[in-house]
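Written out below as structure tokens is the structure these notes cover.
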Amino acid sequence: MSEWRSIIRSTGGYLPERIMTNDDMSKIVDTSDEWIQARTGIKQRHIAADGELTSDLATAAARQALSNAGIAAADVDLIILATTTPDQTFPATATAVQAKLETGAGAAFDVQAVCSGFLFAMATADSMLKNGLFKTALVIGAETFTRLLDWSDRGTCVLFGDGAGAVVMTREAADTSGDRGILAHHIQTDGTKSDLLYVDGGASSTGTIGHVRMQGNQVFRHAVTNISSAIDVVLKETGTHVDEIDWFVPHQANQRILSGVAKKMKLDENKVVSTVSQHGNTSAASIPLALHTAVSDGRIKPGQLILSEAMGGGFSWGASLFRL
Ligand code: UT7
């Protein structure tokens, strides 16, 4: 067993100022507030301003997380940014965050696992902290996802929004951590399902950034099954019973998926943190934003046991169990 534990010390979040409601959306495509709410639970989403970059959103969320942890930017030696909407094809957007925060020495890189990106980034940070490679990590999920949307495709454009969430993770001696920290995670992909949710562009294919394409009902079908199996893995690995979970902080794709997973796993619906009505699906930002929301409003308290999950393009999916 590693001598180190990685502990989540704080959260931060940022949402762009502009809000787009379902009624606003119905002026662009053939849809309605009634349909969107009934099928997804979404009421509104935030849209980044012209010139506002993913790195700006990420930096704002990271600053807040650092401030909440009482940790100086100069002490950060690792930045992992989960994003599907980088500022540029290269360098990694995490390096722009590093420059904006003036963190100094250390490493910064991006992780690309779409809506599951934050869990993949957290698992990567956890491994690197536990291996003693770094001491203080910023793990961020940030997206200007609406820039990938085809605004004439009602099957996708109503679902997504922009935003960023961040956590500060530090390594602590395992024997004094008081059972806090990342307890288990499971991440998985299945590249044979990539045609069900993808972007039809890229540097090496079309030379354009492309637009999101999704067979929503197919993705939906796989989501509940894959997410539930990942949750099973982390619960079994840690010998945790579902009743011991204090809060369920899922990826916010669709209220029906959140409820479907909760029902399948016999999780109390009152323990589910849901922000999908206010934020829409912010891809890699959705888990840290939801976590930050529930920590900030006092629902989630230090010492509580949190279960998180996600599923997205790739397919990619995963689950994480941690004690704050
Ligand atoms: O985070 C990444 C992972 N992504 C997801 O988890 C998304 C998973 N999928 C979903 O959330 C749902 O599949 C959607 C919300 C995207 C769609 O809901 P659905 O219940 O699966 O609807 P559907 O795609 O089967 O479409 C049903 C009907 C269709 O009309 P017809 O063919 O029955 O006449 C669609 O054309 O709803 C129509 N439709 C819409 N109607 C009004 C699709 N989008 C819209 C819309 N407004 N925005």
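As the structure lists them, so they are numbered: ligands from 1, and atoms in each ligand from 1.
- Shown are D195, T189, D190; of these, the side chain to side chain donor-acceptor pair (under 3.5 Å) with T192 is made only by D190.
- Distance from atom 2 (C) of ligand 1 to its nearest protein heavy atom, with residue and atom name: C115 SG, 3.2 Å.
- When each atom of ligand 1 is checked for a heavy atom of H251 under 4.0 Å away, the hits are 1 (O).
- Under the 3.5 Å distance criterion, with hydrogens and angles disregarded, no donor-acceptor pair is assigned to the side chains of D110 and T83.
- Atom 38 (C) of ligand 1 has its closest protein heavy atom at R154 NH2, 3.7 Å.
- The heavy atom nearest to atom 1 (O) of ligand 1, out of those in V158, V276, N281, D153, is found in N281.
- Nearest heavy-atom pair across I300 and L324 is CG2-CD1, 3.4 Å.
- At a cut-off of 3.5 Å, with distance as the only test, no side-chain donor of N226 or S229 sits close to an acceptor on the other residue.
- Taking a distance limit of 4.0 Å, we find that atom 34 (O) of ligand 1 is approached by no protein heavy atom.
- R256 counts as a contact of ligand 1, since one of its heavy atoms falls under 4.0 Å from the ligand.
- The backbone N or O of M128 sits nowhere less than 3.5 Å from a side-chain atom of R171 that would complete a donor-acceptor pair.
- A donor-acceptor contact closer than 3.5 angstrom is absent between the side chains of S55 and T93.
- Protein heavy atom at the shortest distance from atom 25 (O) of ligand 1 is N217 ND2, 3.3 Å.
- The proximity of V114 to ligand 1, defined as any non-hydrogen pair under 4.0 Å, does not occur for either the backbone or the side chain.
- Each of the following atoms of ligand 1 lies closer than 4.0 Å to a heavy atom of T40: 15 (C).
- Residues V273 and L291 are not in side-chain contact: their nearest non-hydrogen atoms beyond the backbone lie 4.5 Å or more apart.
- Side-chain contact annotation: H185 with D126, donor-acceptor N/O pair under 3.5 Å present.
- Other residues, nucleotides and ligands place no more than 12 heavy atoms under 6.0 Å from the NZ atom of K135.
- Not close to ligand 1: I36, with no non-hydrogen atom less than 4.0 angstrom away.
- Of all atoms in ligand 1, numbered sequentially from 1 with element shown, those under 4.0 Å from a heavy atom of T31 are 42 (C), 46 (C), 47 (N), 48 (N).
- Under 4.0 angstrom from ligand 1, the non-hydrogen atoms of M311 all belong to its backbone.
- Within the structure, ligand 1 lacks Q215 among the residues with a heavy atom less than 4.0 angstrom away.
- Proximity of G155 to ligand 1 is established by a heavy-atom distance of less than 4.0 Å.
- Using a 4.0 Å threshold on non-hydrogen atoms, atom 28 (C) of ligand 1 does not count as touching the protein.
- Counting protein heavy atoms only, atom 11 (O) of ligand 1 is closest to N254 ND2, 2.7 Å.
- Side-chain contact, T85 with E143: a donor N or O sits under 3.5 Å from an acceptor N or O.
- The protein heavy atom nearest to atom 9 (N) of ligand 1 is G216 O, 3.0 Å.
- When hydrogens are left out, the protein atom nearest atom 6 (O) of ligand 1 is I257 CD1, 3.3 Å; that is the closest non-hydrogen contact.
- Applying the side chain to side chain contact (heavy atoms under 4.5 Å, CB included) rule to S194 yields no partners; only residues at least two apart in sequence or on another chain are considered.
- Counting only heavy atoms, the protein never gets under 4.0 Å from atom 31 (P) of ligand 1.
- Counting only heavy atoms of the protein, atom 5 (C) of ligand 1 lies nearest to V219 CG1, 3.8 Å.
- Considering only heavy atoms from C-beta on, N254 stays 4.5 Å or farther from N281 through its side chain.
- Among all protein heavy atoms, the one lying closest to atom 44 (N) of ligand 1 is W35 CH2, 3.3 Å.
- For a threshold of 3.5 Å applied to N or O pairs, the pair formed by R39 and ligand 1 contains at least one separation below that value.
- More than 12 heavy atoms of other shown residues, nucleotides or ligands fall within 6.0 angstrom of atom NZ in K100.
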